Amino acid sequence: MEETATIRLGNENYDFPVVTGTENEKGIDIRTLRQKTGYITFDDGYGNTGSCESRITFIDGEKGILRYRGYPIEQLAESSNFLESAYLIIYGELPTHAQSRDFSTKVLRQASIHESMRHLFEGFPNNSHPMAILSALLNSLGCYYPNLATNDRDNDLKYFDEAAVLLLSKVRTIAAMSYRMMRGLPLMYPRKDLGYCQNFLHMMFSEPYDDYYPHDDIAKALDLIFLLHADHEQNCSTSTVRMVASGGANLFASVAAGVCALWGPLHGGANMAVIQMLQEIHKSGDDGSKFVQAAKTGKGARLMGFGHRVYKNYDPRAKILKAACERVLKALGRNDPLLDIAQHLEDKALHDPYFIDRKLYPNVDFYSGIILQAIGLPLDMYTVMFSIGRMPGWIAHWREVAEFSKGRIHRPRQVYIGPALRNYVNINERDAAGSA
Ligand code: ACO
């Protein structure tokens, strides 16, 4: 028998179908609720609301499971690489040799940006945040490639493959150029003999008179960071991308909005906040014990890189990054006091009833910043790195909306709690009433 859920309002019972996902997760399909009852659901922060059906990523936050298109993140981290996983996320299947070669070649060919885009960088003040630049420049791609960004769904889907590789490639060029422009460094053009991450590191750190060749472990660690960030179902930035896409906006505009949503410290900005927190703790001479106490009061800063809306267990990405962090620092022969503090913080928190009761565990941002620091990236580029990594997810979700949403715009409702009806008062009467 079909499973249903019954809602009782006054003396009336209303039945709603239960929907079941691939992994047996259950939802009550309330799409006819308002039409049948006049009521809506109220779910501040959407913690209980499924906004769509999606085929891309599965998370079980209680068990600490993350899978892209069915593949466990641990297996992808071990055996795949960022571009291959990006292909998987965007197209649903792992590529064959031929598909993989074709995809990498197309990404490589799109690496340079239109020369006149350089002037856009020049227009920004020197102290601009690279996330603001990234969002603006990604959106501007629609002006340089208007045939890919028409806001006509059928047309934009027709050119989707081209737009997808263009974005995957140019996002890293734009990121590297913003870094160099802001520092007054000469821009470095991409090279055709380098892979995805090597090319990015080359555009960041080479000089016209001195090529930069990253340590193998550095390029691998960056690739791993990108892969682990590649998608995370309906998070704040991805939901933003889907929301913008639902209005029919093109891929470039939609991901530019995703960058803005990612910027905040409760989301992608947390990797930067973690390092700032660890540096503060280090400077104060604390080993993390005092900070953990303060984080519990609600008055001090939060323990950044801890807690997650969905994971009520160890974030599987954090486990992988913790091991990678130790591996990279060892390979580079570095001893980072921030890693010691992070490990101590983690140990303290995981044994503290406050964190245990609230199921607060390290999330992806807790260890990624230490690796980014070892790579030599400045703090303000950390969330930009997250954006490069998240690009495949945003692209895949844009396509899912464009292909499957049957044109319905995303439009939540609200419970209005403002003033009831009142009549307009002339400004002279308002002044008179104020001075009375
Ligand atoms: N440190 C201390 N206490 C915390 C923390 C933290 N990092 N996170 C949550 N809590 C506490 C809250 O104060 C609250 O306590 P209470 O029940 O006594 O009021 C309880 O745990 C539940 O917290 P919420 O804020 O309601 O949880 P929510 O699901 O809304 O927020 C979030 C999740 C934003 C990630 C939160 O845990 C947080 O701010 N973490 C730090 C920032 C961070 O690392 N963000 C990155 C998330 S991963 C990502 O976006 C890539």
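For clarity, every value in this text was computed on a predicted model and none was experimentally measured. By convention here, the first residue in the shown sequence is residue 1.
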>> Does this structure show an ion pair linking D217 with R327, if we count only N-O contacts that are shorter than 4.0 Å?
In response: no
>> Determine whether the aromatic ring centres of residues Y361 and Y311 are separated by less than 6.0 angstrom.
In response: no
> Does L108 reach the side chain of N199, with side-chain heavy atoms less than 4.5 Å apart?
Replying inline: yes
> Knowing that exactly one of F226, F82, Y87 qualifies, which makes a side-chain contact (heavy atoms from CB on, under 4.5 Å) with P392?
Replying inline: F82
> When the ring planes of H129 and W263 are compared, do they come out parallel, tilted or perpendicular, using 30° and 60° as the limits?
Replying inline: tilted
> Do the charged groups of D380 and R183 touch, with an N to O distance under 4.0 Å?
Replying inline: yes
>> Closer than 4.0 angstrom, basic N to acidic O: yes or no for E162 and K106?
In response: no
> Do N48 and D43 get their side chains close enough for a donor-acceptor pair, meaning under 3.5 Å?
Replying inline: yes
> Side chains of E346 and Y314: do they bring a donor and an acceptor to under 3.5 Å?
Replying inline: yes
> So which pairs with a foot in residues 233-248 pass salt bridge (charged side-chain N to carboxylate O under 4.0 Å, His left out), sequence neighbours left out?
Replying inline: R242-E400
> For residues S169 and R172, is any side-chain donor paired with an opposing acceptor at under 3.5 Å?
Replying inline: yes
> Are side-chain heavy atoms of R413 and T41 found at a separation under 4.5 Å?
Replying inline: no
> Just checking, is any N or O donor in the side chain of D286 or S284 under 3.5 Å from an acceptor N or O on the other one?
Replying inline: no
>> Could you tell me if the side chain of V364 sits less than 4.5 Å from the side chain of N271, heavy atoms only?
In response: no
> Hey, are N151 and N250 close enough side-chain-wise for a donor-acceptor pair under 3.5 Å?
Replying inline: yes
> When you measure from the centre of the six-membered ring of F404, is the NZ or CZ of R55 under 6.0 Å away and within 45° of the axis?
Replying inline: yes
> Which distance, rounded to the nearest 0.5 Å, do you find between the CZ of R309 and the CD of Q234?
Replying inline: 13.5 Å
> Can you name the nearest heavy-atom pair linking P316 to I65, along with the distance?
Replying inline: CG-C, 4.3 Å
> Are any non-hydrogen side-chain atoms of L303 and L345 less than 4.5 angstrom apart?
Replying inline: yes
>> With heavy-atom distances below 4.5 Å as the criterion, would you say the side chains of L138 and I174 are in contact?
In response: yes
> Taking all non-hydrogen atoms of both residues, which atom of T57 and which atom of L66 are closest, and how far apart?
Replying inline: CG2-CD1, 3.5 Å
>> Assess, by modelled atom type and distance only, whether the side chains of T238 and N235 contain a donor and an acceptor separated by less than 3.5 Å.
In response: yes
> If you measure from the Lys or Arg side-chain nitrogens to the Asp or Glu carboxylate oxygens, is any gap between E74 and K319 under 4.0 Å?
Replying inline: no
>> Aromatic contact between H202 and Y212, with the criterion being ring centroids under 6.0 Å apart: yes or no?
In response: no
> Any side-chain donor paired with an acceptor under 3.5 Å for S237 and W394?
Replying inline: yes
> Please, which pairs that meet salt bridge (charged side-chain N to carboxylate O under 4.0 Å, His left out) have at least one residue in residues 187-209, sequence neighbours excluded?
Replying inline: R180-E207, R191-D193, R191-D211
> If you measure only the distance, is there a donor-acceptor pair under 3.5 Å linking the side chains of H282 and Q279?
Replying inline: no
> Does the pair R31 and D29 meet the rule for a salt bridge (charged side-chain N to carboxylate O under 4.0 Å, His left out), with working shown?
Replying inline: CA-CA 6 Å; R31 278 177 289 181; D29 178 350; 2.8 Å; yes
> Would a line drawn from the ring center of H267 to the ring center of H232 be shorter than 6.0 Å?
Replying inline: no
> How close do Q198 and P214 get, heavy atom to heavy atom, and via which atoms?
Replying inline: CG-CG, 4.2 Å
> Can T96 and Q99 be counted as having a side-chain donor-acceptor contact under 3.5 angstrom?
Replying inline: yes
